[in-house]
Amino acid sequence: METYLFYILAFITVVTTVLAICEKHPVHAIVYLVTSFFALASIFYLLSAPLVAMFEIIIYAGAVMVLFMFVIMILDLGHPEQVERPGLFYWLPAVFLVEIILFSLVLMLSVHSGVSVKPPAVTVHDFAVTLFTRYGVAIEIISMQLLFAVVGALYLGRRRKI
Amino acid sequence: MIVPLTHVLILAAILFCLGLGCVLAWSSNVIMLLIGIEIMLNAAMLVFVGGSCQWGMADGQVFALMIIAMTSAEVSLALALVVYLHRRRKTVDVDAFRELRDNETKP
């Protein structure tokens, strides 16, 4: 049951990501991407990571994508008739390179048959203990990084005479 | 583990390649380029979470959380840069920003 659910959600993720990439209207692309992130969050939940799934929905689909939407509205970019898709000259090399990379990756992964062990599922308690004891320094570094990002965004976004 | 780790890794590879293709193809719009970077980072998160599920260690999920925090910082800075560049040139085309010197007399 869960196995089928995984494949269905993987299919939805890939299809909505392809639609988001090929979409001309930036707002529609954002909405497709939010759908893709919801499916990916469900995959995270199936992979026994409920906390990461929640953060994915709250931060990615909730905050980051809304930030994108705000910038599109501020800059007034939501006119699909003014935007043209990149032409064949741009798509062809991209598709060619990506095909090579994807083919080699899939070939490499399919040769490697994974060992099937049955480890205990990671609970939220394990996650929290690992986060705040072993990786306590990382929390501090992340908080400094977010502070720097706020200061930098304020500096770049202030109004000045150009 | 509900599915073999190989299938999770293949899904992550497909997502990563889609993001890479988005970055390579959409050079005419900075917003779409940033969306491609988001997709690639999500694929990396999927690898971390899949590994965490495979071996029963919480470290992978911790790193997924770090990627989320890093991405939110990166996106806020990048979008501030996009707003700044749009104020200067009234465009989001990457090819319009090719001058290093601050030459205001030349268009």
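By convention in this document, chain letters (A, B, ...) are assigned in the order of the sequence lines, proteins followed by strands, and residues within each chain are numbered from 1.
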| message | So which residue, I101(A), L67(A), V150(A), ends up with the most heavy-atom pairs under 4.5 Å with chain B? | response | L67(A)
Please flag which part of [X] lies under 4.5 Å from any non-hydrogen atom of chain A: side chain, backbone, both or neither.
{"X": "A64(B)", "answer": "side chain"}
{"X": "F48(B)", "answer": "neither"}
{"X": "L46(B)", "answer": "both"}
{"X": "S28(B)", "answer": "side chain"}
{"X": "M66(B)", "answer": "both"}

Does [X] belong to the same Ile/Leu/Val/Met/Phe/Trp/Tyr cluster as [Y], with side-chain heavy atoms less than 4.5 Å apart forming each link?
{"X": "V66(A)", "Y": "L40(A)", "value": "yes"}
{"X": "V106(A)", "Y": "M40(B)", "value": "yes"}
{"X": "V34(A)", "Y": "I12(A)", "value": "no"}
{"X": "V98(A)", "Y": "I100(A)", "value": "no"}
{"X": "I57(A)", "Y": "F6(A)", "value": "yes"}

Can you name the closest pair of heavy atoms from [X] and [Y] and give their distance?
{"X": "L77(B)", "Y": "A149(A)", "value": "CD2-O, 4.0 Å"}
{"X": "L156(A)", "Y": "A80(B)", "value": "CB-CB, 4.0 Å"}
{"X": "L65(B)", "Y": "F55(A)", "value": "CD1-CD1, 3.2 Å"}
{"X": "L24(B)", "Y": "A94(A)", "value": "CB-CB, 3.6 Å"}
{"X": "E38(B)", "Y": "V64(A)", "value": "OE1-CG1, 3.9 Å"}
{"X": "V52(A)", "Y": "M45(B)", "value": "CG1-CE, 4.2 Å"}

Side chain from CB out, backbone as N, CA, C, O: work out which of these in [X] comes under 4.5 Å of a heavy atom of chain B, or both, or neither.
{"X": "I141(A)", "answer": "neither"}
{"X": "A20(A)", "answer": "backbone"}
{"X": "I142(A)", "answer": "side chain"}
{"X": "L131(A)", "answer": "both"}
{"X": "V14(A)", "answer": "both"}
{"X": "I139(A)", "answer": "neither"}
{"X": "F127(A)", "answer": "both"}
{"X": "Y60(A)", "answer": "side chain"}
{"X": "F37(A)", "answer": "side chain"}
{"X": "I59(A)", "answer": "side chain"}
{"X": "L5(A)", "answer": "neither"}
{"X": "L47(A)", "answer": "both"}
{"X": "R134(A)", "answer": "side chain"}
{"X": "E56(A)", "answer": "both"}

Gap between atom [atom2] of [Y] and atom [atom1] of [X] - 0.5 Å precision:
{"X": "F68(A)", "Y": "I35(B)", "atom1": "CZ", "atom2": "CD1", "result": "5.5 Å"}
{"X": "T13(A)", "Y": "L11(B)", "atom1": "OG1", "atom2": "CG", "result": "6.0 Å"}
{"X": "M108(A)", "Y": "T6(B)", "atom1": "CE", "atom2": "OG1", "result": "12.0 Å"}

With chain A as the partner, which of [options] has the greatest number of non-hydrogen pairs under 4.5 Å?
{"options": "N29(B), V23(B), T71(B)", "answer": "T71(B)"}
{"options": "V3(B), I68(B), V8(B)", "answer": "V3(B)"}
{"options": "D93(B), L79(B), V82(B)", "answer": "L79(B)"}
{"options": "G50(B), A73(B), A69(B), G36(B)", "answer": "A73(B)"}
{"options": "G56(B), C22(B), A25(B)", "answer": "A25(B)"}
{"options": "N42(B), I39(B), I14(B)", "answer": "N42(B)"}

| message | Donor-acceptor pair, distance only, cut-off 3.5 Å: does the side chain of Q145(A) make one with the backbone of E74(B)? | response | no
| Would L9(B) and L105(A) satisfy side chain to side chain contact (heavy atoms under 4.5 Å, CB included), going step by step from the backbone distance to the final call? | CA-CA 9 Å; L9(B) 290 180; L105(A) 272 179; over 6 Å; no
| Using 30° and 60° as the class limits, which term best fits the ring planes of W91(A) and W26(B): parallel, tilted or perpendicular? | perpendicular
| So does Y7(A) have more than 12 non-hydrogen atoms from other groups sitting under 6.0 Å from OH? | yes
| field | Fellow cluster residues of M54(A), listed by chain then number, with links counted only when side-chain atoms sit under 4.5 Å apart | value | none
| request: Determine, step by step, whether F16(B) and L102(A) satisfy the side chain to side chain contact (heavy atoms under 4.5 Å, CB included) criterion, reporting the C-alpha distance in whole Å, the side-chain angles of both residues, the deciding distance to 0.1 Å, and the verdict. | output: CA-CA 9 Å; F16(B) 187 86; L102(A) 189 61; over 6 Å; no
| For D126(A), which residues count as a salt bridge (Lys or Arg N to Asp or Glu O under 4.0 Å) partner, sequence neighbours excluded? | none
